[in-house]
Chemist: 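Can you read through this structure? Questions will come right after.
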Amino acid sequence: EVQLVESGGGSVPAGGFLRLSCVASGLNSDYYSIGWFRQAPGKEREGLTCISADDDTNAADSVKGRFTISRDNAKDTVYLHMNNLKPEDTAVYYCAATRRNPICPYSLHFFDYEYWGQGTQVTVST
């Protein structure tokens with residue numbers, strides 16, 4: 001069974017930074033991809049960045065230069081490093097995974113990822 005558990009959300013002032021963590025278990029595949037998504041109230045779920053089992057990455061234009069993805073295989077953890085946060089970054093952030101190949105770096109569409117964490121809230125104040 002695939003399980004994804006996010007942590008690290010919170011409230012920060014504009015210009016601040018946060019690091020979100022996603023502990024992934026049960027993927028058991030050489031071809032998995034893990035992505036970070038967010039959803040603000042009244043908006044569609046937005047793909048932010050992803051990383052493949054081969055360390056290919058992709059990032060949406062809206063977060064390039066501010067958000068980066070990294071992985072610690074020894075801890076089965078994928079991180080989302082968020083710098084220079086803006087009020088419009090306020091949302092629930094999710095990590096998601098797929099065992100289908102190839103998804104990342106080709107897709108940041110939420111419908112391409114079948115396993116989801118419970119989400120963690122990020123609030124950026126002015």
Chemist: Donor-acceptor pairs under 3.5 Å, side chain of residues 10-24 to any protein atom, not counting sequence neighbours: which ones?
Modeler:
none

Chemist: At what distance, to the nearest 0.5 angstrom, does SG of Cys95 lie from CD1 of Ile69?
Modeler: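 Output value for this atom pair is 9.0 Å.
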Chemist: Are Val63 and Val124 linked, directly or through other ILVMFWY residues, by side chains that come within less than 4.5 angstrom of each other?
Modeler: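 Yes, Val63 connects to Val124 through the hydrophobic network.
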Chemist: Report whether Trp36 and Tyr94 are members of the same hydrophobic cluster (ILVMFWY, side-chain heavy atoms less than 4.5 Å apart, transitive linking).
Modeler: no
Chemist: Looking only at non-hydrogen atoms, find the nearest pair between Ala40 and Ala91 and report the distance.
Modeler: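 Nearest pair, atom of Ala40 first, then Ala91: N-CB, 3.8 Å.
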Chemist: Can you name the side-chain contact (heavy atoms from CB on, under 4.5 Å) partners of Phe110, sequence neighbours left out?
Modeler: Phe37, Arg45, Trp116
Chemist: Filter on salt bridge (charged side-chain N to carboxylate O under 4.0 Å, His left out), then keep only pairs touching residues 92-113, sequence neighbours left out; what's left?
Modeler: Arg100-Glu114
Chemist: Test your reading of the model: is there a side-chain donor-acceptor pair from Thr120 to the backbone of Gly9, 3.5 Å cut-off?
Modeler: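 Yes.
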Chemist: Which heavy atom of Ser33 sits nearest a heavy atom of Cys104, and at what distance?
Modeler: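 Shortest heavy-atom separation between Ser33 and Cys104 comes out as OG-N, 3.1 Å.
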Chemist: Is it true that Ile103 and Leu4 fall in one hydrophobic cluster, defined by side-chain heavy atoms closer than 4.5 Å?
Modeler: no
Chemist: Would you compute the distance between atom OH of Tyr32 and atom CG of Leu27 and round it to the nearest 0.5 angstrom?
Modeler: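 Rounded to the nearest 0.5 Å, the OH-CG separation comes out at 7.0 Å.
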Chemist: Answer yes or no: does atom CD of Glu88 have more than 12 heavy-atom neighbours from other residues, nucleotides or ligands under 6.0 Å?
Modeler: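 Yes - once you tally the heavy atoms of other residues, nucleotides and ligands closer than 6.0 Å, there are more than 12.
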Chemist: Looking at side-chain heavy atoms only, is the closest gap between Glu1 and Gln3 below 4.5 Å?
Modeler: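 When only atoms from C-beta onward are counted, Gln3 and Glu1 do touch, with a gap below 4.5 Å.
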Chemist: Does Glu6 use its side chain to pair, donor to acceptor, with the backbone of Gly119 at less than 3.5 Å?
Modeler: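 Present.
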Chemist: Looking only at heavy atoms, which two atoms of Tyr113 and Cys50 are closest? And how far apart?
Modeler: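 Between these two residues, the closest heavy atoms are OH-CB, 3.5 Å.
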Chemist: Of all the heavy-atom pairs spanning Lys43 and Gln39, show the shortest one and how long it is.
Modeler: O-NE2, 3.1 Å
Chemist: Scan the side chains in residues 77-87 for donor-acceptor partners under 3.5 Å anywhere in the protein, sequence neighbours excluded, and list what turns up.
Modeler:
from	atom 1	to	atom 2	distance (Å)
Thr77	OG1	Lys75	O	2.7
His81	NE2	Ser70	OG	2.8

Chemist: Would you say Val92 ends up clustered with Ile34 if hydrophobic residues are merged whenever their side chains have heavy atoms under 4.5 Å apart, either directly or through other cluster members?
Modeler: no
Chemist: Got a second to check how far Tyr115's OH is from Ser25's OG, nearest 0.5 Å?
Modeler: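 Between Tyr115 OH and Ser25 OG, I get 11.5 Å after rounding to 0.5 Å.
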Chemist: Does anything in residues 55-67 pair up under salt bridge (charged side-chain N to carboxylate O under 4.0 Å, His left out), and if so which pairs, sequence neighbours excluded?
Modeler: Asp55-Arg71, Asp61-Lys64, Arg66-Asp89
Chemist: Roughly how far, to the nearest 0.5 Å, is OG1 of Thr57 from CG of Asp54?
Modeler: 12.0 Å
Chemist: Say whether, by atom type as modelled, one donor and one acceptor occur between the side chain of Thr49 and the main chain of Asn58 under 3.5 angstrom.
Modeler: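 Judged by distance alone, yes, a pair lies under 3.5 Å.
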Chemist: Who pairs with Gln121 by side chain to side chain donor-acceptor pair (under 3.5 Å), at least two apart in sequence or on another chain?
Modeler: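 Listed in chain order: Thr123.
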